[in-house]
K.L.:
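One structure follows; several queries about it will come next.
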There are 2 protein chains.
Amino acid sequence: MQNTIAVRRKQRKLSQADLAALTAVTRQTINAIENDKYDPSLSLAFKLATVLETTVDKLFNQGEDHQ
Amino acid sequence: MQNTIAVRRKQRKLSQADLAALTAVTRQTINAIENDKYDPSLSLAFKLATVLETTVDKLFNQGEDHQ
DNA sequence: AAATTAAGTAAAACATGTTTGACATTACTT
DNA sequence: AAGTAATGTCAAACATGTTTTACTTAATTT
């Protein structure tokens with residue numbers, strides 16, 4: 001599964017650490033997700049969409065990708 | 001996290017087993033999700049939205065709920 | 001150029017999601 | 001009323017997501 005988190009995060013001039021704090025996870029989690037190491041949980045996906053002012057459906061590209 | 005999977009599934013006259021087959025998970029998984037035992041993975045959430053011809057954002061109610 | 005901030009990475013532990021197999025209960029069908 | 005389909009549930013095993021701690025490299029600032 002692909003996502004546009006890094007792009008949208010940079011548009012808002014947030015660091016991975018900032019975004020991590022805003023979504024209540026660790027920096028490593030944000031890093032792993034941005035780099036397609038694994039997909040976030042559904043609840044984290046919603047938090048990310050909220051903070052990045054978009055929707056889950058727009059934030060993720062439903063392609064089989066992963067690994 | 002709440003969802004409207006059961007309602008939408010019934011509208012299409014599908015059993016939990018049917019929906020499980022269509023999304024390639026077990027019947028128990030669908031049952032657990034419909035009854036808010038746990039949230040699906042993001043990828044399963046997308047499969048469910050696709051099969052039920054809706055979006056992830058419409059299918060789930062971003063309330064803290066869960067247990 | 002040195003200092004600081006940001007990003008990448010890794011292993012172990014822990015938490016949550018999914019399967020398997022099995023059995024119980026409820027709702028339909030005949 | 002008996003038979004069948006659908007749903008609920010449980011425990012153990014397994015897979016994936018997240019944290020913690022720690023170290024490295026890249027980028028930015030002073």
Side-chain angles (χ1 to χ4, degrees):
Chain A
M1 181 120 49
Q2 303 266 81
N3 68 75
T4 55
I5 295 170
V7 208
R8 296 181 188 256
R9 169 176 64 77
K10 284 167 193 163
Q11 283 170 356
R12 291 159 202 281
K13 310 223 165 147
L14 297 172
S15 67
Q16 293 181 343
D18 292 336
L19 184 53
L22 289 168
T23 53
V25 293
T26 62
R27 185 179 66 76
Q28 285 83 338
T29 296
I30 299 296
N31 188 332
I33 294 167
E34 284 191 354
N35 292 294
D36 286 317
K37 298 290 168 45
Y38 51 73
D39 294 331
S41 66
L42 184 58
S43 108
L44 178 51
F46 270 106
K47 285 181 195 162
L48 288 165
T50 299
V51 168
L52 297 173
E53 294 173 291
T54 183
T55 65
V56 170
D57 293 275
K58 281 182 197 150
L59 196 49
F60 297 88
N61 298 103
Q62 179 169 23
E64 284 308 297
D65 251 292
H66 200 248
Q67 203 55 280
Chain B
M1 180 117 55
Q2 303 265 79
N3 69 74
T4 55
I5 295 170
V7 207
R8 297 182 189 255
R9 170 176 64 76
K10 285 168 193 164
Q11 284 170 355
R12 291 159 204 281
K13 311 225 166 151
L14 297 170
S15 68
Q16 293 182 343
D18 292 336
L19 184 54
L22 289 167
T23 53
V25 292
T26 62
R27 185 178 67 76
Q28 285 85 335
T29 295
I30 299 296
N31 188 326
I33 294 167
E34 284 191 353
N35 292 295
D36 286 317
K37 298 291 167 47
Y38 51 74
D39 294 331
S41 66
L42 184 57
S43 108
L44 178 50
F46 270 106
K47 284 181 197 161
L48 287 165
T50 299
V51 168
L52 296 174
E53 294 172 293
T54 184
T55 65
V56 170
D57 293 275
K58 282 182 197 152
L59 196 48
F60 297 87
N61 299 104
Q62 181 171 23
E64 284 307 296
D65 251 288
H66 201 243
Q67 203 51 278

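Labels below follow one simple rule: chain letters A, B, ... track the order of the sequence lines, proteins then strands, and each chain is numbered from 1.
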K.L.:
Reckon B:K37 has a side-chain N or O less than 4.0 Å from the OP1 or OP2 of D:dC10?
P.N.:
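B:K37 to D:dC10 OP1/OP2: no side-chain N or O under 4.0 Å.
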K.L.:
Hey, does A:S41 reach any base, or is it just sugar-phosphate, or nothing, if we go heavy atoms under 4.0 Å?
P.N.:
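A:S41: backbone/sugar contact only, no base atoms under 4.0 Å.
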K.L.:
What is the distance from CG of A:D39 to P of D:dT18, rounded to the nearest Å?
P.N.:
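From A:D39 CG to D:dT18 P: 9 Å.
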K.L.:
Using whole Å, what does the distance between atom C1' of nucleotide C:dA6 and atom NZ of A:K10 come to?
P.N.:
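In whole Å, C:dA6 C1' and A:K10 NZ are 11 Å from each other.
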K.L.:
Any base atoms under 4.0 Å from A:A6, or only sugar-phosphate, or nothing? Heavy atoms, all strands.
P.N.:
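No contact at all - A:A6 keeps every heavy atom at 4.0 Å or more from the nucleic acid.
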K.L.:
Which part of the nucleic acid does B:S15 contact within heavy-atom distance under 4.0 Å: base, sugar-phosphate only, or nothing?
P.N.:
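Sugar-phosphate only.
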K.L.:
Measure CG/A:L42 against P/D:dT16 and give the value in whole Å, please.
P.N.:
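Spelled out: CG on A:L42 to P on D:dT16 is 18 Å.
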K.L.:
Looking only at atom types and distance, does a side-chain atom of A:D39 sit under 3.5 Å from a main-chain N or O of B:S41, one as donor and one as acceptor?
P.N.:
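The answer is no, because no donor-acceptor pair under 3.5 Å joins these two groups.
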K.L.:
Return yes if some donor-acceptor pair links the side-chain N/O of A:R9 with the main-chain N/O of A:L14 below 3.5 Å, else return no.
P.N.:
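Confirmed, A:R9 side chain pairs with A:L14 backbone.
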K.L.:
Roughly how many Å is it from CG in B:N31 to P in C:dA24, rounded to a whole number?
P.N.:
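It works out to 17 Å between those atoms.
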K.L.:
Quick one: does B:N31's side chain have a donor or acceptor within less than 3.5 Å of a partner on B:Q16's backbone?
P.N.:
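Not a single qualifying donor-acceptor pair exists.
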K.L.:
Check each of A:R8, A:K58, A:R12 against A:E53 using the salt bridge (Lys or Arg N to Asp or Glu O under 4.0 Å) test, and report the only one that passes.
P.N.:
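It is A:R12; the other options fail the test.
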K.L.:
Tell me which nucleotide among D:dT18, C:dT19, C:dG8 gets nearest to the side chain of A:Q16.
P.N.:
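Selected nucleotide (nearest to the side chain): C:dG8.
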K.L.:
Does A:R27 contact C:dA6 through a side-chain donor or acceptor facing the base, at a distance under 3.5 Å?
P.N.:
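Answer is no: no donor-acceptor pair is held.
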K.L.:
D:dT9 phosphate, OP1 or OP2: any side-chain N/O from B:N35 under 4.0 angstrom?
P.N.:
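False: B:N35 side-chain N/O out of range (4.0 Å or more) of D:dT9 OP1/OP2.
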K.L.:
What about B:Q28: does its side chain form a donor-acceptor pair under 3.5 Å with the base of C:dG21?
P.N.:
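Yes, the side chain and the base share a sub-3.5 Å donor-acceptor pair.
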K.L.:
Could you state the CD1-P distance from B:I5 to D:dG8, rounded to the nearest angstrom?
P.N.:
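After rounding, the gap between these two atoms is 13 Å.
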K.L.:
Just how far, in rounded Å, is C1' of D:dT18 from OH of B:Y38?
P.N.:
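Rounded to the whole Å, the gap is 18 Å.
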K.L.:
Ignoring hydrogens, what is the shortest heavy-atom contact between A:A20 and A:R27? Give both atom names and the distance.
P.N.:
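For A:A20 and A:R27, the tightest heavy-atom pair comes out as CB-N, 3.6 Å.
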K.L.:
Which part of the nucleic acid, if any, lies within reach of A:E34 when heavy atoms closer than 4.0 Å are counted: base, sugar-phosphate only, or nothing?
P.N.:
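Contact class for A:E34: none.
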K.L.:
Let me know the distance between CG of A:L44 and P of C:dA15, rounded to the nearest Å.
P.N.:
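These atoms are roughly 18 Å apart.
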K.L.:
Figure out the NZ/C1' separation between B:K47 and C:dT18, and round it to whole Å.
P.N.:
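So the NZ-C1' distance, B:K47 to C:dT18, works out to 11 Å.
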K.L.:
Report yes if a side-chain nitrogen or oxygen of A:T29 is closer than 4.0 Å to either non-bridging phosphate oxygen (OP1 or OP2) of D:dT18; otherwise report no.
P.N.:
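It does not, given that no N or O in the side chain of A:T29 lies less than 4.0 Å from OP1 or OP2 of D:dT18.
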